[in-house]
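Model, not experiment: these values are computed from the prediction.
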Amino acid sequence: MKIQNVVVGAGFAGACIARRIAEEKNESVLVIDKKMHIAGHAYDEYNEHGVLIHKYGPHIFHTNNKLVWNWLSRFTEWNNYQHRVLSYVDGFYVPMPISIETINSLYNLNLSTFELESWLDERRLKDLLIKNSEDVVLSKLGRDLFEKFFKNYTFKQWNLDANQLDASVISRIPVRHNRDTRYFSDRYQGLPTLGYTKLLSKILEHKNIHLLLNTEWSNIKPDLSYGKLFYTGSIDEYFDYSLGNLGYRSVKFEYETFFDREYFQKVGTVNYPNDYDFTRITEYKWLTGQKILQTTIAREFSSSEGEPFYTVPNASNQILYKEYTKMIPNNVFFIGRLAEYKYYNMDQIVERVLFLDI
Ligand code: UDP
C-alpha cells in the first residue's frame, strides 16, 4: 500500500506533526502506535476510583513560547495550575527548587534576598569548570546543598553519580534568588482542562488523519510504501539495535488511594532525595484540580528495566546516538525524546514540530 505520510507514535510529537501535515499540506497521514491508546506518555485516564491520573508520571505543561501556547489552545482550555514541589530534607518539607524560602527554613535563618547572594557566595565553588551535573550544583550552591538535595536523588533516579551525567540534567532545576516557590516560572502554565488524552485526541481529529493503534511499526513496515516517515520511537530500536543499545531509564509507579481524607500531602509533588527507595510522590488532584472526595498518589521508582522514559545523557550514549544518526535515510525524520535521544519538555517538542520543515 502506498501512503503519503506515516507517523510512528501518537504522543505529543506524532500528533502535532500529523496535524500540521493534514492541515497545512492537505495530505493524508497514517499515525500508528504500538500502545492501545493515543497520547504516549502524556496519557491520562480515570482510575478505578474515579481519580484522573497520569499513567506515565506527572505532566505539567509550561512554556514561555506564546506561539506554542496559542497553537495548543486551539484544542484545549487550561486549568492554569502552577506546580509546587516540596523536598523532604533533614525531617523538614522545604520548597524546591531552592529559593530564599528553602534556605531560611532549612537553616533557620531570616536572610533577605540581598543577604542570600553573599550567603551563597561563601559556599559555592568558584571558578569551577562545568563538566557535569555535580559541577552545576557545586558552582551555584556549594557542597552541603548538593548533598542534601541532589546527590542521592540523582543516584536513585539514574543509578549514576551526578558527576557521570551531562550538565544539562540538573541544569533543568533553577536556583531562585527570590521568594518564588513555584517549580516553573514560565509565563504560561497549566494542564488541559479535560486532560492530555482529550487534548491529543482533538489534535488527531482531522479527516486526513488515520489512526492505527496496537500496531508495531516493524510488523507493518514490510507492507507499506510511503513518501515521508516521521518516527518518534527509540532510534536504536528503529535500526534493530545494530550498533548496540542506548541507555534509558524507566519508572515504575506504586499507586495508593485514600478514602479517609481529601488530600494526602500539601502540594502536587514531594521529592524524597535521602529517604525511601522512591524518588517522589505525586498527588494527582493537585495537578488536575479534580473535585472528588478520595485521592490517589503515585510513588515513583526509577528502574533500568521497562519501557524507556528518559534518555541517559552521558558521553558514551551521545557517541552511539551520533553513529545511529548517520544511518537515517533522507525521507525519514526522527523527532522527539526517544528519536533524538534528548530530554524535551512537552512545549519544547511542540515548538520543534511547529518549526519542522514538513
Ligand atoms: N533533581 C535532584 N533533586 C530533586 C529534583 C531533581 O537531584 O529534588 C535532579 C535529578 O537528577 C533529576 C533532575 O534534577 O533527574 C531533573 O529533575 P526534574 O524534576 O526536571 O525531573 P523530571 O520531572 O524530568 O523527572
Taking only residues two or more places apart in sequence or in another chain, which ones pass side chain to side chain contact (heavy atoms under 4.5 Å, CB included) with F155?
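N159, D161.
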
Sequence neighbours excluded, which residues qualify as side chain to side chain contact (heavy atoms under 4.5 Å, CB included) partners of S105?
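By the side chain to side chain contact (heavy atoms under 4.5 Å, CB included) rule, S105 matches V94, P95.
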
Taking the side chain as everything from C-beta on, heavy atoms only, tell me whether [X] gets closer than 4.5 Å to [Y].
X	Y	answer
W71	C16	yes
E307	Y56	yes
V6	W217	yes
R20	L354	yes
F355	L67	yes
D33	I38	no
Q4	S28	yes
W119	E115	no

Once you round to the nearest 0.5 Å, how far does [atom1] of [X] lie from [atom2] of [Y]?
X	Y	atom1	atom2	answer
I98	L106	CD1	CG	8.5 Å
I60	Y183	CD1	OH	9.0 Å
H206	L204	NE2	CG	11.0 Å
K140	L128	NZ	CG	12.5 Å
F61	W69	CZ	CH2	6.5 Å
K151	I170	NZ	CD1	12.0 Å

Will you find, in the side chains of [X] and [Y], an N or O donor that is under 3.5 Å from an N or O acceptor?
X	Y	value
T295	E283	yes
S73	W78	yes
D186	T63	no
Y343	D166	no
R280	T269	no
Q189	H83	no

Tell me whether [X] contacts the main-chain N or O of [Y] through its side chain, where contact means a donor paired with an acceptor under 3.5 Å.
X	Y	answer
T296	T257	no
K35	H41	no
N345	D347	no
K25	I358	yes
W286	Y263	no
T288	Q290	yes
N317	V312	yes

Does the structure place the NZ or CZ of R124 under 6.0 Å from the centre of the six-membered ring of F146, at an angle of no more than 45° from the ring's axis?
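Because its charged atom misses either the 6.0 Å distance or the 45° angle limit, R124 does not stack over F146.
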
Qualifying ring pair (Phe, Tyr, Trp, His ring centres under 6.0 Å) pairs, either residue in residues 4-33, two or more places apart:
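Every candidate ring pair (Phe, Tyr, Trp, His ring centres under 6.0 Å) pair involving residues 4-33 fails, so no pair, neighbours aside, qualifies.
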
Ion pair E23/R74, N-O distance below 4.0 Å:
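Salt bridge: yes.
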
Does K291 come within less than 4.0 Å of E262, counting only side-chain N to carboxylate O?
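Here K291 does not pair with E262 in a salt bridge, since their nearest N and O are not under 4.0 Å apart.
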
Checking side-chain contact (heavy atoms from CB on, under 4.5 Å) for the pair E340/Y321: CA distance, chi angles, key distance, verdict?
CA-CA 8 Å; E340 295 180 81; Y321 164 70; 3.9 Å; yes

State yes or no: do Y153 and V251 share one hydrophobic cluster built from I, L, V, M, F, W and Y residues joined by side-chain heavy-atom distances below 4.5 Å, directly or via other members?
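No, it is not one cluster - the side chains of Y153 and V251 are not joined through contacts under 4.5 Å.
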
Determine which pairs satisfy side-chain hydrogen bond (donor to acceptor under 3.5 Å, both in side chains) with at least one residue from residues 323-332, sequence neighbours left out, and list them in order.
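Every side-chain hydrogen bond (donor to acceptor under 3.5 Å, both in side chains) pair that includes a residue of residues 323-332, provided the two are not neighbours, is E323-K326.
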
For residues 233-240, run the donor-acceptor check on the side chains, cut-off 3.5 Å, and write out each pair with its distance to 0.1 Å, sequence neighbours left out.
from, atom 1, to, atom 2, distance (Å)
D236, OD1, Y248, OH, 2.9
D236, OD2, L246, N, 2.9
E237, OE1, K34, NZ, 3.4

Tell me if the centroids of the rings in H49 and Y284 come within less than 6.0 Å of each other.
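H49 vs Y284: aromatic centres not under 6.0 Å.
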
Of the non-hydrogen atoms in [X] and [Y], which two are nearest, and what is the gap between them?
X	Y	answer
S171	V136	OG-CG2, 3.6 Å
G268	Y81	CA-OH, 3.8 Å
S139	I130	OG-CD1, 3.4 Å
I173	P97	CG2-CB, 3.8 Å
S99	T181	OG-CG2, 4.2 Å
K285	L293	NZ-O, 3.8 Å

Walk me through whether T193 and N79 qualify under side chain to side chain donor-acceptor pair (under 3.5 Å).
CA-CA 5 Å; T193 322; N79 72 0; over 6 Å; no

Which of these passes salt bridge (charged side-chain N to carboxylate O under 4.0 Å, His left out) with E101: R179, R84, R176?
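Testing each of R179, R84, R176 against E101, the sole residue satisfying salt bridge (charged side-chain N to carboxylate O under 4.0 Å, His left out) is R179.
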
Considering only distance and modelled atom types, tabulate donor-acceptor pairs under 3.5 Å from the side chains of residues 271-278, sequence neighbours left out.
from, atom 1, to, atom 2, distance (Å)
N274, OD1, N152, ND2, 2.8
N274, ND2, K148, O, 2.9

Would you check, one step at a time, whether the test side-chain contact (heavy atoms from CB on, under 4.5 Å) holds for I21 with F230?
CA-CA 11 Å; I21 297 170; F230 298 88; 3.4 Å; yes

I335 vs Y344, side-chain contact (heavy atoms from CB on, under 4.5 Å): CA-CA, chis, key distance, verdict
CA-CA 10 Å; I335 314 290; Y344 273 117; over 6 Å; no

Mind running side-chain contact (heavy atoms from CB on, under 4.5 Å) on Y310 and L338 for me, showing each step along the way?
CA-CA 8 Å; Y310 297 91; L338 302 176; over 6 Å; no

